[in-house]
Amino acid sequence: MNNLRASAPVTICPQQSVALPPSYLALHASGELAHRAGQARALLGHCALCPRRCGVNRLDGERSARSACGMGELPVVASWNVHPWEEPPISGARGSGAIFFSGCAGQCIFCQNYPISQLRHGLQVSHERLAEMLLELQNKKHCHNINFVTPTHFVPAILAAVTIAAGQGLHIPLVYNTSGYETIETLQWLSGVIDIYLPDAKYADDEIARRLSGFPRYVEHNRAALEEIYRQVGDELVTDQDGIAARGMIIRHLVLPQNLSGTPEVLRWIAQELSPRVHVSLMDQYFPAHQALDHPQLGRKITADEYQAALQAFDEAGLENGWMQEHD
């Protein structure tokens with residue numbers, strides 16, 4: 001859930017411009033969207049939405065202390081409002097309609113949103129109320145899109161809410177803003193529903209990913225997820241006439257101190273195994289938070305030299321499109 005600062009200069013790549021209606025509208029009209037929502041809800045009886053596959057019955061009780069995310073069936077929303085700090089094709093002039101869900105499959109010791117992700121602050125809402133939020137962000141806030149932040153563990157609720165909202169006039173693109181720790185099965189539920197994927201590629205080393213973020217086998221699951229997302233939407237970032245994203249993927253990579261993020265390897269893998277045309281947001285905004293304040297490696301911001309090395313790795317990987325921040 002790391003986003004571009006509003007004041008950060010960026011290098012913007014060219015995008016393909018074309019009018020493209022959200023793909024979920026056709027699924028709703030055919031009844032497929034409602035069908036998927038019902039099937040996905042049934043899976044909460046033995047939850048395997050994220051790669052942890054904890055098997056907890058999330059239909060039994062409001063919140064489950066035994067589940068990996070700590071959540072039950074109904075979504076818990078920490079905040080929802082206009083968000084102006086995403087990449088330019090996401091935020092545009094009117095902002096992205098961001099819905100921040102509580103809970104997370106990860107336990108990043110440096111998480112900047114730990115009250116939401118790990119302390120699980122937020123308000124439990126019904127599927128109907130979540131649908132109302134989508135429509136209010138569209139109709140009253142005039143956002144360019146709906147931006148589901150940390151959404152993996154609430155995919156069934158998202159499908160249910162989009163089904164309701166689409167029947168009441170929802171028509172703007174849907175953004176799936178994720179840590180990149182996903183299963184193929186969960187992403188397949190979203191095929192044709194999500195218009196724009198905004199996944200992280202956090203690490204190149206599983207041991208570091210487990211130690212810093214508590215993700216078992218992150219690299220394996222992350223790369224499989226990125227391949228599935230690429231299969232669904234390809235490497236073109238399609239925009240409308242105003243330059244606002246309508247379909248595609250943007251991979252985010254947060255540069256960590258001492259190259260703990262494995263930046264050169266992550267970027268090489270994207271270019272070689274997906275496509276050099278995939279859009280990458282290379283983020284220079286790490287700061288110590290949560291349990292990283294006095295950490296021997298993470299207890300400082302990255303240096304200008306560390307970010308310059310990341311920029312060089314971007315070029316050496318042969319990547320063609322993306323955004324970079326000016327080191328502050």
Side-chain angles (χ1 to χ4, degrees), residues 22-28 30-78 80 97-106 116-117 120 122-135 137 146-168 170 174-199 221 225 228-229 232:
S23 51
Y24 62 83
L25 295 178
L27 291 178
H28 175 260
S30 70
E32 171 65 15
L33 188 57
H35 177 67
R36 288 192 197 180
Q39 288 192 318
R41 180 183 181 275
L43 295 179
L44 290 176
H46 191 268
C47 190
L49 287 176
C50 84
R52 292 180 180 273
R53 301 182 186 273
C54 64
V56 168
N57 180 5
R58 290 176 55 196
L59 298 173
D60 183 16
E62 292 189 357
R63 298 195 191 186
S64 175
R66 296 189 299 110
S67 64
C69 60
M71 293 293 159
E73 175 189 2
L74 293 178
V76 178
V77 175
W80 62 286
I99 298 178
F100 286 82
F101 292 107
S102 299
C104 185
I116 298 172
S117 63
R120 302 164 183 163
L123 178 66
Q124 188 175 77
V125 299
S126 66
H127 297 160
E128 291 77 13
R129 177 58 187 137
L130 182 58
E132 289 175 357
M133 292 177 177
L134 310 187
L135 292 167
L137 288 169
I146 301 297
N147 186 348
F148 298 115
V149 185
T150 318
T152 309
H153 48 300
F154 288 127
V155 162
I158 288 170
L159 291 171
V162 172
T163 300
I164 297 167
Q168 298 177 19
L170 185 71
L174 304 180
V175 180
Y176 192 77
N177 189 337
T178 168
S179 68
Y181 191 60
E182 301 281 350
T183 68
I184 301 300
E185 296 83 358
T186 296
L187 291 173
Q188 288 174 342
W189 288 110
L190 299 171
S191 181
V193 179
I194 295 299
D195 302 287
I196 305 134
Y197 284 94
L198 203 57
H221 291 296
E228 171 60 20
I229 292 170
Q232 291 184 24

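Remember, predicted model here, so these are calculated numbers, not experimental data. Values below: all heavy atoms of this structure, side chains included; hydrogens, waters and symmetry mates excluded.
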S.K.: Flag yes if more than 12 heavy atoms outside R120 fall under 6.0 Å of its CZ atom; otherwise flag no.
M.R.: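 Counting other residues, nucleotides and ligands, CZ of R120 exceeds 12 neighbours.
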S.K.: If you measure from CD on E182 to OG1 on T178, what distance do you get to the nearest 0.5 Å?
M.R.: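 Going from CD on E182 over to OG1 on T178, the span is 3.5 Å.
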S.K.: Write down the atom of L159, the atom of A40, and the distance for their closest heavy-atom approach.
M.R.: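 Result for this residue pair: CD1-CB, 3.9 Å.
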S.K.: Quick one, L27 and R36 - any side-chain contact, counting heavy atoms below 4.5 Å?
M.R.: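 A side-chain contact under 4.5 Å exists here.
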S.K.: Run the side-chain contact (heavy atoms from CB on, under 4.5 Å) check on N57 and L44 step by step: do they pass?
M.R.: CA-CA 6 Å; N57 180 5; L44 290 176; 5.9 Å; no
S.K.: Indicate the atoms forming the closest heavy-atom contact of R58 with C47, along with that distance.
M.R.: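 Closest heavy-atom pair between R58 and C47: NH1-SG, 3.5 Å.
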S.K.: Is the distance between the ring centroids of F101 and F154 under 6.0 Å?
M.R.: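 For F101 and F154, the ring centres are under 6.0 Å apart.
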S.K.: Ignoring hydrogens, what is the shortest heavy-atom contact between I146 and I99? Give both atom names and the distance.
M.R.: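 Minimum heavy-atom contact is CG2-CD1, 4.3 Å.
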S.K.: Which pair of heavy atoms, one from I158 and one from P151, lies closest together, and at what distance?
M.R.: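 Answer, listing the atom of I158 first, then P151: CD1-CB, 3.6 Å.
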S.K.: Which residues satisfy the ring pair (Phe, Tyr, Trp, His ring centres under 6.0 Å) test with H221, sequence neighbours excluded?
M.R.: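 H221: ring pair (Phe, Tyr, Trp, His ring centres under 6.0 Å) contacts with Y181.
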S.K.: Ignoring hydrogens, what is the shortest heavy-atom contact between V193 and S23? Give both atom names and the distance.
M.R.: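 The answer is N-OG, 4.2 Å.
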S.K.: To the nearest 0.5 angstrom, please state how far the CG atom of N147 sits from the CG atom of L137.
M.R.: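 CG of L137 is found 10.0 Å from CG of N147.
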S.K.: Would a distance-only check, ignoring hydrogens and angles, find a side-chain to backbone donor-acceptor pair under 3.5 Å from H153 to S67?
M.R.: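 Flag not set: sc H153 to bb S67 has no pair under 3.5 Å.
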S.K.: Are a donor atom and an acceptor atom from the side chains of E228 and Y197 found within less than 3.5 Å of each other?
M.R.: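 No.
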S.K.: Just how far is it from atom CG of L74 to atom CG of L59, taken to the nearest 0.5 Å?
M.R.: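 Answer rounded to 0.5 Å: 9.5 Å.
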S.K.: For the CD atom of E128 and the CE atom of M133, what is their distance to the nearest 0.5 Å?
M.R.: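 It comes to 12.0 Å.
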S.K.: Got a sec, which residues hit salt bridge (charged side-chain N to carboxylate O under 4.0 Å, His left out) with R52, two or more places apart in sequence or on another chain?
M.R.: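 Counting only residues at least two positions away or on another chain, R52 forms no salt bridge (charged side-chain N to carboxylate O under 4.0 Å, His left out).
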S.K.: Locate the shortest heavy-atom distance separating Q232 from S191; write the atom from each residue and the value.
M.R.: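 Looking at all heavy atoms of both residues, the closest pair is OE1-CA, 3.3 Å.
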S.K.: How many angstroms lie between atom NE2 of H127 and atom CD1 of I164, to the nearest 0.5 angstrom?
M.R.: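 Going from NE2 on H127 over to CD1 on I164, the span is 7.5 Å.
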S.K.: Are side-chain heavy atoms of F148 and N177 found at a separation under 4.5 Å?
M.R.: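 Heavy-atom side-chain distance check fails, nothing below 4.5 Å.
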S.K.: Let me see the working for V76 and L123 under side-chain contact (heavy atoms from CB on, under 4.5 Å), right down to the final yes or no.
M.R.: CA-CA 5 Å; V76 178; L123 178 66; 5.8 Å; no
S.K.: Quick one, Y24 with E32, criterion side-chain hydrogen bond (donor to acceptor under 3.5 Å, both in side chains). Give me CA distance, side-chain angles, the key distance, then yes/no.
M.R.: CA-CA 9 Å; Y24 62 83; E32 171 65 15; over 6 Å; no
S.K.: Before you tell me yes or no, could you show the steps for T183 and L49 under side-chain contact (heavy atoms from CB on, under 4.5 Å), namely the whole-Å CA-CA distance, both residues' side-chain angles and the distance that decides it to 0.1 Å?
M.R.: CA-CA 7 Å; T183 68; L49 287 176; over 6 Å; no
S.K.: Would you give the length of the straight line joining atom CG of L130 to atom CG of L134, rounded to the nearest 0.5 angstrom?
M.R.: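 These two atoms lie 5.0 Å from each other.
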